Amino acid sequence: MGSPWPVASPDMADEAPPQRYTAALANEIERKWQDRWEEQHVFDTPNRTGLLSEDPRHIADRPHLFVLDMFPYPSGTGLHVGHPLGYIATDVYARFQRMNGYNVLHAMGYDAFGLPAEQYAVQTGTHPRTTTEQNIATYRRQLRALGLGHDPRRGPATTDVQYYRWTQWIFLQIYDSWYDEDAQRARPIATLVQELRAGRFPTPDDVPFDELDPLEQRRLVDSYRLAYEAYAPVNWCPALGTVLANEEVTGDGRSERGNFPVYRRPLRQWMLRITAYADRLLDDLESLDWSESIKLMQRNWIGRSTGASVRFPVEGHDDLDIEVFTTRPDTLFGATYMVLAPEHPLVDVITTNQWPDDQLANDFASNPLDAWKGLFGATDPPPDAVSRYRDFAAAKTDLERQTETREKTGVFVGAFAVNPTNGARIPIFIADYVLMGYGTGAIMAVPAHDQRDFEFAREFELPIVAVIRPTDEWLAEHEASPNDATTWPEAYVGDGVGQNSANPEVSLDGLRVEDAKRVISEWLERSGLGRPAVTYKLRDWLFSRQRYWGEPFPIVYDDAGPIALPESMLPVVLPDLPDFEPVTSDDPDAQPEPPLARAVDWVEVELDLPGPEWAGYGDGPRTYLRETNTMPQWAGSCWYYLRYLDPTNEDAMVDPEVERAWAGGTRLDGSPKAGLVDLYVGGVEHAVLHLLYARFWHKVLFDLGHVSTKEPFQRLVNQGYILAAAYVDDRGAYVDAALVEEHDGRYFFEGKPVTREFGKMGKSLRNAVAPDDLYRDYGADTLRLYEMFMGPLDKERPWSTADIVGVHRFLQRLWRNFVDEGTGASRVSDEPADEETRRLLHRTIDAVHADMAALSFNTAIARLFELNNYLTTLVQGGGVLPREVAVPLTLMVAPLAPHVAEELWARLGHADTITYEEFPQPDARWLVEERVEVPVQINGKVRARVEIPVGADAAAHEAAARAEPRIAELLTGATVRQLRVVPGKIVNFVVA
RNA sequence: GCGCGAGUGGCGGAAUUGGCAGACGCGCAGGAUUCAGGUUCCUGUGCCCGCAAGGGUGUGGGGGUUCAAGUCCCCCCUCGCGCACCA
């Protein structure tokens, strides 16, 4: 290619002055300091007591601060620049607080069990242990190159046998506990046996516990455990070959991981009784410094509703009631029919063989039976109609139920219940808008005051009785009569006063909703018809997976059921299985087949189990079968932060004394902490998964006395995602974003136009940017600074490689202010700084300190830019940098760009690391200004500015403003109707 | 549908309790250095009118409160997230 000009060298470093801060110099500095930090154990954090209490720096007595990242899942593709955003932020904060005198715990482990690691292993045909180890090594290398100040001794992988041994131990703690509703906490299972012996809880047929046979005793005790086996409908994902927790299934009924269809199938699975903790998980959110939106997501997921449970007698079944849950007991008089979920067990009992033609004519003015029979009962008697409707409802997938217009369907079952308030006969229906999984799976329908019931009632010609008088505005707007709900266009769900709601014993007429709820609830309880009740959306946590790459359960089986292994038999090591692949299928009716079942020699095991005397085993060596399911990915991540505290302890998950030391301290407002971790940073995607599960485990451990804190994470910050441009070609396929070129605002890939969109950085969008490329082109300090400068930590932000030069230039100028680019000589001098410089310096210190404490790193960096730009003009042209500025500037840069700060610190003559130096404090003398510039407005528009001594009074402000020529001119001939002076802030003349 | 959050220059973003909108960075324009490109440094840069002085206008749209509104109130629009027949 013949160029008219000499071709420039691609590597400008060749031509740069020898001591310029280029990528090459940055890399050299960074490698040097990373090695030194490691050799000198700079980030080894001492515990006050126990195993890691060696403390050469004498920092163990300082106040403790625990700064935590959501640890990474080491994927096969390595890091992209979106991953370390949070890690950099916590590192800056941790370094900042070390300089403020805290003993800071900051470490990084790896969440390495679970589906993605196994999927990756399947794809590459390599054993997951091998790929996991490789991936962790890659992550460690990439994170080390970022200069993160982690304690290298405290970063376990969840796949380490010495780690998952304690995951299994915690499972045993959960298994060996029951929830004492009276004490509102979990207690060891041995105390349950005492309570059973004392007769506190019912036993089968009221036989005293000690007279039950051992097997019955065992089953009774097992039914109370916090970890239990249940045969229940679960989320079965044949394409993944495993069942999934509710939290792992998306709203449209697919797997969060892989987006495969999920089916509800009854299967025998391990469950954890998280529902026992629903109230505490909800209430204790108050004590946490989390964003309202995350708290809200957890509240919604737990879904507590308070109301009443009411029993409705069924006609013709003297011994049978249908129990419903309602949040609106005040509308009970308006219940004109009932609905059961199609799967409700009572449906088979109450469905009649014939349609009740003759009876109906007496009770209902026009015979509505044809409408009630609907589509499904039109030609069939009730049992067939019910059966057909059930098939229809079961065939709907979650997706169909969601996308379909919510037309109400259902069928009358031929039977009647009685409204207990007024004795009215009310027909019983089944309909799929009532869900078996919520409440009691049955509702009382009040069509006048519930929109769903209203729609159903219209569809099936059911009576609509108004028992709340709507507001006059509502009635006027809908041109409706207060008393005749048949004229209403929709249900009235707002507040109002009761009407048509009285019987000889109780009247709600004239009462407002809140009062009516109270009065009717009292009546229900007095009459033995109901009681206050609370229900939750939260379900127990499905805890087993039919996959290989997870923690084995410390459970074996005999003929009668599961038996927990004693602690002394831990760890149960995951056997090395050459054929680890899951059995996957497209068939919804396929059965789960755990891969571990193939490890025949491992599954069948002879043990001499000690067992408690009441449990019916413990009679010498016997053959047992091991549990072949594994734990879900979330198990290891539920407690890793606890292991960081005491990672080498072989006698305990964590030494309680060590946990107490790190738990001490206060919240930002000075009140005591509820949570162990002071600052937790991670993505919002774990709002109802990891963050709920970990809180649950922590509370169990708290109840059992293993930790002193009732919550794991005191303060939570969700970092925003880094977005990046992705490009789609005309076939809709993503093209490599790195190869796209822009011309005149349009984008081209290999000469063909492509369209731009923004999305999360990742392999599938082909827009990932690798940190290694940026280390090479700019250095790690530049990357750190750029990611912190892009915007507020909790906001998503678009990646722009082009913008990086800005922060790189900052570091270059910083370096040049300290070091002569040509000779390498120092430009720092002992000359004192002038007043202006001092004022700027101390203002900067003041602002940077506050910004860093508030995690506002972007504005802290902007302040440092300003100071540095000012110094650049001071130093250039042969000037010098006063040491009294150079020292605090270096200290302020240290948390953000630690490598270059260490280098400058050393060049300032210090032998030791900058890590534990004190962060600069502003000198109040230099913060107070003598004069301040105040804007002068006329009718709210700024017309001039005047300089005024600080502390001047309003009169002085007015005088100064009037003396300003331009203001004087504008005020000439005008009438000042009003004058506002906010001293030091503003002067505003209001003129006619 | 319900709930939550957000809309500020060409771009990323600043702006205690209402008190100078646009800090800082990118980009762009001009200049210095250079044979030249790049680099580095300086100056300017919301928009409109104007040679300038200056004036007008401006924080998604509309209205309101106030001496003063990005900030408070009401209505609406757009985008993002969460939930979705939860009785």
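Chain naming here is simple, since letters A, B, ... match the order of the sequence lines and numbering starts at 1 in each. Not measured: the values here are computed from a predicted model.
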Task: Syn/anti state for G9(B) [syn: chi within 90° of 0] - done: syn
TODO: Output all residues satisfying ring-ring contact (aromatic ring centres under 6.0 Å, His included) with Phe325(A), sequence neighbours left out; order by chain, then residue number.
DONE: none
Task: Strand partner of A29(B), provided both Watson-Crick or wobble distances fall under 3.5 Å - done: U43(B)
Task: Base-pairing mate for C67(B) - Watson-Crick or G-U, with both contacts under 3.5 Å - done: G19(B)
- [ ] In whole angstrom, give me the gap between the P atoms of C24(B) and C42(B).
- [x] 13 Å
TODO: Tell me what Asn858(A) touches on the nucleic acid: a base, only sugar-phosphate, or nothing, going by heavy atoms under 4.0 Å.
DONE: sugar-phosphate
Open item on the list: Can you check the distance between C2(B) and C85(B), where both ends of the measurement are the P atom (answer in whole Å)?
Closed with: 15 Å
Open item on the list: Rounding to an integer number of Å, can you tell me how far Met436(A) CE sits from A87(B) P?
Closed with: 16 Å
Open item on the list: Within a 6.0 Å radius of atom CZ on Arg931(A), are there more than 12 heavy atoms belonging to other residues, nucleotides or ligands?
Closed with: yes
Open item on the list: Taking Glu248(A) first and then Arg254(A), would you say they form a salt bridge - that is, a charged N and a carboxylate O separated by under 4.0 Å?
Closed with: no
Open item on the list: Starting the side chain at C-beta, find the nucleotide from C67(B), C85(B), A87(B) nearest to Thr327(A).
Closed with: A87(B)
Task: Modelled atom types, side-chain donor and acceptor of Glu323(A) and Ser309(A), under 3.5 Å - done: yes
TODO: With C1' as the reference atom in both, quote the distance from C48(B) to A36(B) in angstrom, rounded to an integer.
DONE: 39 Å
Open item on the list: Using Watson-Crick or G-U wobble geometry with both distances under 3.5 Å, which nucleotide pairs with C51(B)?
Closed with: none
Open item on the list: Taking the C1' atom in each of G19(B) and C72(B), what is the distance between them to the nearest angstrom?
Closed with: 14 Å
Would you tabulate the pairs of protein nitrogen or oxygen atoms and nucleotide nitrogen or oxygen atoms of nucleotides 20-22 of chain B closer than 3.5 angstrom?
residue : atom : partner   : partner atom : Å
C20(B)  : O2   : Arg945(A) : NE           : 2.6
C20(B)  : O2   : Arg945(A) : NH2          : 2.5

Task: C1'-based separation of C47(B) from U59(B) [nearest Å] - done: 13 Å
Could I get a table of every N or O pair under 3.5 Å where one atom is in the protein and the other is in nucleotides 40-44 of chain B?
residue : atom : partner   : partner atom : Å
U40(B)  : OP1  : Gln812(A) : OE1          : 3.4
U40(B)  : O3'  : Arg816(A) : NH2          : 3.0
C41(B)  : OP1  : Arg813(A) : NH1          : 3.3
C41(B)  : OP1  : Arg816(A) : NH2          : 2.8

Task: Nearest-Å distance for atom pair CG/P, residues Leu971(A) and C67(B) - done: 19 Å
Task: Interatomic distance where CD belongs to Gln19(A) and P belongs to U39(B) [whole Å] - done: 22 Å
Task: Any-strand Watson-Crick or G-U partner of G58(B), both distances under 3.5 Å - done: none
Task: Residue met sooner reading RNA chain B from 5', once Gly806(A) and Asp450(A) are mapped to nucleotides - done: Gly806(A)
TODO: Check whether any side-chain N or O of Lys295(A) sits under 3.5 Å from a backbone N or O of Leu288(A) as a donor-acceptor pair, and report yes or no.
DONE: yes
Any protein N or O atoms within reach of nucleotides 2-12 of chain B? Criterion: under 3.5 Å, listing atom names and distances.
residue : atom : partner   : partner atom : Å
G12(B)  : O2'  : Met790(A) : O            : 2.9

Open item on the list: One pair to check against side chain to side chain donor-acceptor pair (under 3.5 Å): Trp815(A) and Glu821(A). What are the steps and the verdict?
Closed with: CA-CA 8 Å; Trp815(A) 181 262; Glu821(A) 283 189 340; over 6 Å; no
Task: Asn868(A) side, atom CG; Phe810(A) side, atom CZ - distance, nearest 0.5 Å - done: 5.0 Å
- [ ] Check the distance between C85(B)'s C1' and Tyr433(A)'s OH and give it to me in whole angstrom.
- [x] 9 Å
Task: Atom-pair distance (NE2 on His808(A); C1' on G38(B)), nearest Å - done: 14 Å
- [ ] Report which part of the nucleic acid Ser305(A) touches: base, sugar-phosphate, or nothing (heavy-atom distance under 4.0 Å, all strands).
- [x] sugar-phosphate
- [ ] With C1' as the reference atom in both, quote the distance from G62(B) to C77(B) in angstrom, rounded to an integer.
- [x] 10 Å
- [ ] State yes or no: are the ring centers of Phe865(A) and Phe789(A) separated by less than 6.0 Å?
- [x] yes
Task: Who pairs with U78(B) - Watson-Crick or G-U, where each distance is under 3.5 Å - done: A6(B)
- [ ] Decide, yes or no, whether a salt bridge links Glu866(A) with Arg843(A) under the criterion of side-chain N to carboxylate O below 4.0 Å.
- [x] no
Task: Pair Phe456(A) + Phe429(A): ring centers closer than 6.0 Å - done: yes
- [ ] Give a yes or no on whether the backbone of Met788(A) and the side-chain of Asn858(A) come within a donor-acceptor separation of less than 3.5 Å.
- [x] no
Open item on the list: Without decimals, in angstroms, what is the distance between Glu866(A) CD and G25(B) P?
Closed with: 8 Å
Between protein and nucleic acid, restricted to nucleotides 55-58 of chain B and to nitrogen or oxygen atoms under 3.5 Å apart, what atom pairs and distances do you find?
residue : atom : partner   : partner atom : Å
G55(B)  : OP1  : Arg943(A) : NH1          : 3.4
G55(B)  : OP1  : Arg966(A) : NH2          : 2.4
G56(B)  : OP2  : Arg943(A) : NH1          : 3.2

- [ ] Measure centre to centre between the rings of Tyr786(A) and Trp799(A), then say whether the value is under 6.0 Å.
- [x] yes
Open item on the list: Just the rounded figure in Å: distance from P of C85(B) to CD of Glu455(A).
Closed with: 13 Å
- [ ] Tell me what Val990(A) touches on the nucleic acid: a base, only sugar-phosphate, or nothing, going by heavy atoms under 4.0 Å.
- [x] sugar-phosphate
TODO: Mind checking Phe865(A) for me? I need base, sugar-phosphate or nothing, with any heavy atom below 4.0 Å counting as a touch.
DONE: sugar-phosphate
Open item on the list: What verdict does the side chain to side chain donor-acceptor pair (under 3.5 Å) test give for Arg827(A) and Asn817(A), after you've listed the backbone C-alpha separation in whole Å, the side-chain angles of each residue and the deciding distance to 0.1 Å?
Closed with: CA-CA 7 Å; Arg827(A) 309 183 85 144; Asn817(A) 286 336; over 6 Å; no
Task: Rounded P spacing from U66(B) to G61(B) in Å - done: 23 Å
Task: Other residues, nucleotides, ligands: >12 heavy atoms within 6.0 Å of Arg797(A) CZ - done: yes
Ignoring hydrogens and angles, write down the donor-acceptor pairs under 3.5 Å from the side chains of residues 979-992 of chain A, residues two or more places apart or on other chains.
residue   : atom : partner   : partner atom : Å
Arg980(A) : NE   : Gln978(A) : OE1          : 2.8
Arg980(A) : NH2  : Gln978(A) : OE1          : 2.9
Asn988(A) : OD1  : Gly940(A) : N            : 3.2

- [ ] Report yes or no: is the cationic atom of Lys408(A) (NZ for Lys, CZ for Arg) under 6.0 Å from the centre of the six-membered ring of Tyr433(A), at an angle within 45° of the ring normal?
- [x] yes
Open item on the list: Can you measure Met444(A) atom CE to C85(B) atom C1' for me and round it to whole angstrom units?
Closed with: 17 Å
Open item on the list: Taking the C1' atom in each of G38(B) and U16(B), what is the distance between them to the nearest angstrom?
Closed with: 45 Å
